[in-house]
Amino acid sequence: MSVVIKEVTSKKELKKFVKFNIDLYKGNPYHIPGLIEEEMVTLDKKKNPAFEVCDAVYFLAYKDDRIVGRIAGMINRRSNEVWNQERARFGFLDFIDDAEVVDALFSAVEKWAKEQGMKEIHGPMGFTDMDHEGMLIEGFDQLGTMAAIYNYPYYPKHIERIGYEKDQDWHEFKIYIPEGVPEKHLRIGEIVKKKYGLKTMKFKKTKEIWPYAQKIFETLNEAYAPLYGFAPLTQKQIDYYVKQYIPMIRLDLVTLIIREEDDTVVGFGISLPSLSHAMQKAKGHLFPFGWIHLLKALKTKPKVIDLYLTGVLPEYQNKGVNALLFNDLIPVYIGLGVEYAESNPELASNNAVQAQWDYFKREHHKTRRAFIKKLK
């Protein structure tokens, strides 16, 4: 039977769209399933504030009345304006190893993109830079993280077969925790604090960080502005992410660098205990028992840390502010018995970011890629 493509138009179909990823990777030891409830909200055009600046369509592929693939088409209008592009995005992509399925999915999403007046399509991307992006092309035998996509090795082969080319790569590293803070970092940190009037800020109660939550995302908007495909988050999006992420952070793993004269957040480092194994145990469901695994992982002494979000204001980049973050967080990691940190995706072209690991033992263990194709 030939492949049938159906547009997702109901909540019931949307749930099938979300669950297909979990079903396809059932039993895979490296895949990290997302939470169904959370992804349903992300894809809901009435609940996700990204739709203030985005358009989207979702397709499911059926063969023999069985779901065999999914794909989302997205247009971030704000990103297109910032970068002066006419690009659609594809994302939330999964499929069985079947050329007919892949061809049908991409035919549908490319047709939609052309109907919207787009000249190119790239991905995998999300609605914003806060969503998953980049297809895994190396590191298929490495445990995934909550912040990144895992996919089978046949994915990039099919993408290249249908005419997509490399547009951008991300590298991921295991950064092994040293026995102490490098001496050079300690010296640089003290110099930077005095020269720029900076201080390190920590928190003991969640209510103490709330006044800085908005400032963190304002700094993120400025710090991430030059990054691939990024568009500044709107106020509604900032409010959305503040409510989503601040309650789940672990305060000892959060460090802010503050300019003393005006309380500006110059830089931030937000890390989390690795939730990979907990997410696997939850199997896509927060309830009835998934939350127990996640809560346990958040509160116990972790062997692995995810470097979740890090940012420094542009005018302070390459001036040693990162040393202040390391000087504070490394002793915390050592005290917890952390073995290594997952960097999560870093643009391969961002030499300054990757150079910060030069003083640490590290392993480049994953590479992911954004592909692009001109629409004819």
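Just so it is clear, the structure is predicted and the values come from calculations on it, not from any experiment. Numbers for residues simply follow the sequence, beginning at 1.
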Test your reading of the model: is there a side-chain donor-acceptor pair from [X] to the backbone of [Y], 3.5 Å cut-off?
{"X": "R368", "Y": "M135", "value": "no"}
{"X": "K366", "Y": "W170", "value": "no"}
{"X": "D328", "Y": "T255", "value": "no"}
{"X": "N48", "Y": "D44", "value": "no"}
{"X": "K215", "Y": "P211", "value": "no"}
{"X": "K361", "Y": "I177", "value": "no"}
{"X": "R78", "Y": "P232", "value": "yes"}
{"X": "H293", "Y": "L275", "value": "no"}
{"X": "Y164", "Y": "P156", "value": "no"}
{"X": "K202", "Y": "V254", "value": "yes"}

inquiry  = How about NZ on K174, more than 12 heavy atoms from neighbouring residues, nucleotides or ligands closer than 6.0 Å, or not?
reply    = yes
query = If you count the non-hydrogen atoms of other residues, nucleotides and ligands that lie under 6.0 Å from CH2 in W83, is the total more than 12?
reply = yes
query = Which pairs, with at least one residue in residues 182-195 and sequence neighbours excluded, count as a side-chain hydrogen bond (donor to acceptor under 3.5 Å, both in side chains)?
reply = K184-Y359
Beyond-backbone contact of [X] with [Y], side-chain heavy atoms, under 4.5 angstrom:
{"X": "R362", "Y": "H364", "value": "no"}
{"X": "Q244", "Y": "Y240", "value": "yes"}
{"X": "N322", "Y": "L325", "value": "yes"}
{"X": "E120", "Y": "I372", "value": "yes"}
{"X": "F230", "Y": "L220", "value": "yes"}

Is a donor from one side chain sitting under 3.5 angstrom from an acceptor on the other, for [X] and [Y]?
{"X": "Y176", "Y": "E363", "value": "yes"}
{"X": "H158", "Y": "Y152", "value": "no"}
{"X": "S79", "Y": "R89", "value": "yes"}
{"X": "D94", "Y": "Y155", "value": "yes"}

ask   = Sequence neighbours excluded, which residues qualify as salt bridge (Lys or Arg N to Asp or Glu O under 4.0 Å) partners of E218?
value = none
salt_bridge([X], [Y]) N-O dist < 4.0 Å:
{"X": "E110", "Y": "K114", "result": "no"}
{"X": "E7", "Y": "R70", "result": "no"}
{"X": "D262", "Y": "R259", "result": "yes"}

note = Sorted by chain and number, sequence neighbours left out, ring-ring contact (aromatic ring centres under 6.0 Å, His included) with F59 holds for none
